Amino acid sequence: MRAGEKVREFYEALLAAWGPQGWWPAETPLEVCVGAILTQNTAWRNVERAIENLKAAGALQVPALWALPEQELAELIRPAGYFNVKAGRLRNFLRLVVEEYDGSLEQLFELPTERLREAVLAVRGIGRETADSIVLYAAQRPVFVVDAYTLRLAFRHGIVDLDADYETLQEAFAGSVEKDVAVWQEYHALLVRAGKLHCKKQAPVCAGCPLQKFLEEGEPREPF
DNA sequence: CTCCTGTAAG
DNA sequence: CTTACCGGAG
């Protein structure tokens, strides 16, 4: 089976097995942006705690969040880890929204997709994965999000090399499934679930994985 | 490559 | 105790 063909069938198999994941779990676009920054190299459970704190403080709105002193913000997001770094990153993003787009995420999101991605990516502390998560899930634009789970899974299935860069990985997926926001949102969410439950960092658990039947040699490529 | 950091699971 | 976590910067 060709790589592109596999990528298409992965999606069908994952969706059939697990159904829609309902991503991104957030009530507002701003909450998506905040969550995307807070979840950098961090378990989602800890991000939830930080977001609960922000909500309890009434700080999950642009003006209130921007008004918070950085140290207080850091204290609120402490459970998400790297809190000093992330407080700065959140403020960097908020600064863009407040100073360039009149404090309006909607206004920022009016940019054409490619310009929007570049604008978000230009923020200190927002790299490609975080930028693409914001563009796909908060702005609802067709950009395929890839992450460490995606690389691991794609490598083990022989779709890309282990040293594949972000764009290569992104093209391998985006170029092989229907260009549709809802589909891409769903696919990334399903890949994350597959990575968590089966395509683990050490010792993948292929038994019971919806993608096991696609393994060429009956087992994942090594070494990861 | 190292640093940033809380939390939970092994 | 160590590893991993929906990474990114220097």
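In what follows, chains carry the letters A, B, and so on, assigned in the order in which the sequence lines appear, proteins first and then strands, with residues in each chain numbered from 1. Since we're looking at a predicted model, the values are computed, not measured.
- A:K86 has its NZ atom 14 Å from the P atom of C:dC5, to the nearest Å.
- Distances shorter than 4.0 Å separate none of the side-chain N or O atoms of A:T130 from OP1 or OP2 on C:dC6.
- Comparing the P positions of C:dG10 and B:dT5 gives a spacing of 14 Å, expressed to the nearest Å.
- For the pair A:W23 and C:dC6, the ring geometry qualifies as stacking, because the centroid separation is below 5.5 Å while the planes lie within an angle under 30°.
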Taking only N/O atoms, report every protein-nucleotides 8-10 of chain B pair under 3.5 Å with atom names and distance.
unit_1, atom_1, unit_2, atom_2, d
B:dA8, OP1, A:R49, NH2, 2.8

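- Atom CD of A:Q71 has 12 or fewer heavy atoms from other residues, nucleotides or ligands within 6.0 Å.
- The environment of CZ in A:R124 is sparse: at most 12 heavy-atom neighbours from other residues, nucleotides or ligands sit within 6.0 Å.
- Distances were taken from every side-chain heavy atom of A:P79 (C-beta onward) to each of C:dG8, B:dT7, C:dC5; the shortest belongs to B:dT7.
- Between C:dT3 and A:Q202, no contact under 4.0 Å exists linking OP1 or OP2 to a side-chain N or O.
- Ring planes of A:F155 and A:F224: tilted class, angle from 30 to 60°.
- Salt bridge status for A:E75 with A:R78: present, with a side-chain N to carboxylate O gap under 4.0 Å.
- Ring geometry, A:Y137 versus A:H188: the interplanar angle falls from 30° to 60°, so the pair is classed tilted.
- Nucleotides C:dC6 and B:dG10 are separated by 14 Å at their P atoms, to the nearest Å.
- Rounded to an integer number of Å, the gap from CD1 of A:I37 to C1' of C:dG8 is 11 Å.
- Between A:E129 atom CD and C:dC5 atom C1' the separation is 12 Å, expressed in whole Å.
- Note: CG (A:L169) to P (C:dC6) measures 17 Å, nearest angstrom.
- Among the nucleotides C:dG7, C:dC5, C:dC6, the one closest to any side-chain atom of A:K201 is C:dC5.
- Put simply, CH2 on A:W44 is 13 Å from C1' on C:dC5, counting in whole angstrom units.
- Salt bridge annotation for A:K55-A:E31: present, with a cationic side-chain nitrogen under 4.0 angstrom from a carboxylate oxygen.
- Here A:G81 lies in heavy-atom contact (under 4.0 Å) with a base.
- Taking the side chain of A:A43 as heavy atoms from C-beta on, and the options C:dC5, B:dT5, C:dG8, the nearest nucleotide is C:dC5.
- Under the 4.5 Å side-chain contact rule for hydrophobic residues, A:L153 and A:M1 share a cluster.
- No more than 12 heavy atoms of other residues, nucleotides or ligands sit less than 6.0 Å from atom CD of A:E217.
- With the nearest nucleotide of DNA chain C identified for both A:K200 and A:R124, A:K200 has the one nearer the 5' end.
- Just one of A:Y11, A:W23, A:F10 meets the side chain to side chain contact (heavy atoms under 4.5 Å, CB included) condition when paired with A:L190; it is A:Y11.
- Using a 4.0 Å cut-off, some side-chain N or O of A:K196 falls inside it from OP1 or OP2 of C:dC6.
- In this structure, the CG atom of A:L38 is 15 Å from the C1' atom of B:dT7, given to the nearest Å.
- The separation between A:Q40 atom CD and C:dA9 atom C1' is 10 Å, rounded to whole Å.
- Between A:L121 and A:T39, the residue anchored closer to the 5' end of DNA chain C is A:T39, taking for each the nucleotide with the nearest heavy atom.
- Of the candidates C:dC5, C:dC6, C:dA9, C:dC6 carries the atom nearest the A:V192 side chain, counting heavy atoms from C-beta on.
- Ranking C:dG7, B:dT5, C:dC5 by closeness to the A:Y82 side chain, first place goes to B:dT5.
- Rounded to a whole Å, the CD atom of A:E52 is 13 Å from the P atom of B:dT7.
- Proximity of A:R152 to the phosphate of C:dA4: no side-chain N or O atom is located under 4.0 Å from OP1 or OP2.
- Between B:dC4 and A:N41, no contact under 4.0 Å exists linking OP1 or OP2 to a side-chain N or O.
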